[in-house]
Amino acid sequence: MSIPAEGRLSAAAAAPAIRANGDAHIAVELDAVTKRFGKTTALDDVSLLVRRGELMTLLGPSGCGKTTLLNLVGGFLMPDSGEIAIDGQHITDVPAYRREIGIMFQNYALFPHMNVAANVGYGLRMRRVAKGEIARRVADALALIKLAGLEDRKPRQLSGGQQQRVALARALVIRPKVLLLDEPFSALDRNLRASMQVELKEIQRKLGVTTIFVTHDQSEALSLSDRIAVVAEGRIRQLGTPDEIYRQPIDRFVASFVGDVNVLRARLERIDGALATVALGAARVLVPSRTLGGVANGSVVDLFVRPEELRPADHDAPVAARGIVAAQIYQGGHVDLYVDAPEALSGRVLLRVPRHEGMSRWPAGTRISIALAADKAIAFRPA
């Protein structure tokens, strides 16, 4: 997939050149960073500002460059070109052990022969901190992660969630300028993963530590982040808050990658300044016009609509599409209805409806009319 011009511009414009004296509000700055592995370009002219105290998530598919970016900040890789700064200080050529970085890997990397306290205090011992200070800071860190009393246990005596907490405490106890998290929840089951996400966010907010978090899980990124950088093919496709990424995707890739979405074939009626009117069946919806540059009135466009923005049409509602319910999937708080409809690019539309209504009114085989929520969609020229 080639990256459109708007993706390249957003990557290049994400950060200005690094300034000699830095900025009190900026913790990490990358300026035009490129990294190649042989003939493969893992990161291509990436610029990024990470604000002090924020949780920035790098979100993207496998092989997109997000872990490479994390390793460049951590000093485990060196860029082929570009500059990196932490707290306004150029650290591009500074080795990892001098960057004051805390890092937590996917596999936790705990020392099996050391107990919990020794694992947590390892970084402090390497920094030759006094024994009394190490003991105090380790105790504080274990209290923070709710593992006080388990100091003498070995990693094999801990659950997966407890091992993860130990790895987090080890990264935090050194009081890092920046905390780097490389898909730390990937090995946990769903329930434990959700609870650890909440705990991580609480700890991050309490300490105010600048955090860069790598994940390919969209729901994880949306729930945890202050801002998200969506990465694809070695470039930042879009940078924004979770709501901006979800509601105002800059291109088809971001719209398709982040969250569930329906793509419906519609027709552009007109463009009025910043807004455009798009027709789908008898329904009309206002969408941003910035994604429809050069599209003529009357042309076919692809309308991207989230499942929660579609609903069964009332008797007086304009009908956007009609179809037959192919399946209903019970999801606890709601029911997912999969509807075969010719208006859908894939041939099938996903709606989310209240639990009681979905189960009783819309069994498989039922004919259904679909309405749009007003002004909750975005359109792109056909692929």
- With sequence neighbours excluded, tell me which residues meet side chain to side chain contact (heavy atoms under 4.5 Å, CB included) with S256. F304
- Message: Does R322 have more than 12 heavy atoms from other residues, nucleotides or ligands lying within 6.0 Å of its CZ?
- Response: no
- V73 backbone acceptor or donor facing R99 side chain under 3.5 Å: yes
- What distance separates D80 CG from T34 OG1, expressed to the nearest 0.5 Å? 7.5 Å
- Note on the structure: When rounded to the nearest 0.5 Å, the distance separating CG of L350 from CD1 of I329 is 9.5 Å
- May I ask you to test the L286-D272 pair for a side-chain heavy-atom distance under 4.5 Å? no
- Applying salt bridge (charged side-chain N to carboxylate O under 4.0 Å, His left out), name anything that partners D93, two or more places apart in sequence or on another chain. none
- Task: Give a yes or no answer on whether the side chain of D217 reaches the backbone of S219 with a donor-acceptor pair at less than 3.5 Å.
- Result: yes
- Message: Is there a side-chain contact between Q164 and L158 in this structure, where contact means two heavy atoms from C-beta onward sitting under 4.5 Å apart?
- Response: no
- Item | Within 6.0 Å of CZ in F76, more than 12 heavy atoms from elsewhere | yes
- 4.5 Å side-chain heavy-atom contact, Q218 and Y246: no
- Message: Going by the rule salt bridge (charged side-chain N to carboxylate O under 4.0 Å, His left out), which residues pair with R265 if we only count those two or more places apart in sequence or in a different chain?
- Response: D302
- Are R352 and D260 close enough for a salt bridge, meaning some N to O gap below 4.0 Å? yes
- Short question: side chain of K376, backbone of E309 - any donor-acceptor pair under 3.5 Å? no
- Minimum heavy-atom distance A377-V287, with the two atoms named: O-CG1, 3.7 Å
- Determine whether S225 and F213 make a side-chain contact, defined as any pair of heavy atoms from C-beta on separated by less than 4.5 Å. no
- Looking at side-chain heavy atoms only, is the closest gap between V198 and E202 below 4.5 Å? yes
- Counting N and O atoms only, with roles assigned by atom type, does the side chain of R381 sit under 3.5 Å from a partner on the main chain of G293, one being a donor and the other an acceptor? yes
- Task: List the atom of L239, the atom of M56, and the distance in Å for their closest heavy-atom pair.
- Result: CD1-CE, 3.7 Å
- Are any side-chain N or O atoms of T57 and backbone N or O atoms of I228, one a donor and one an acceptor, separated by less than 3.5 Å? no
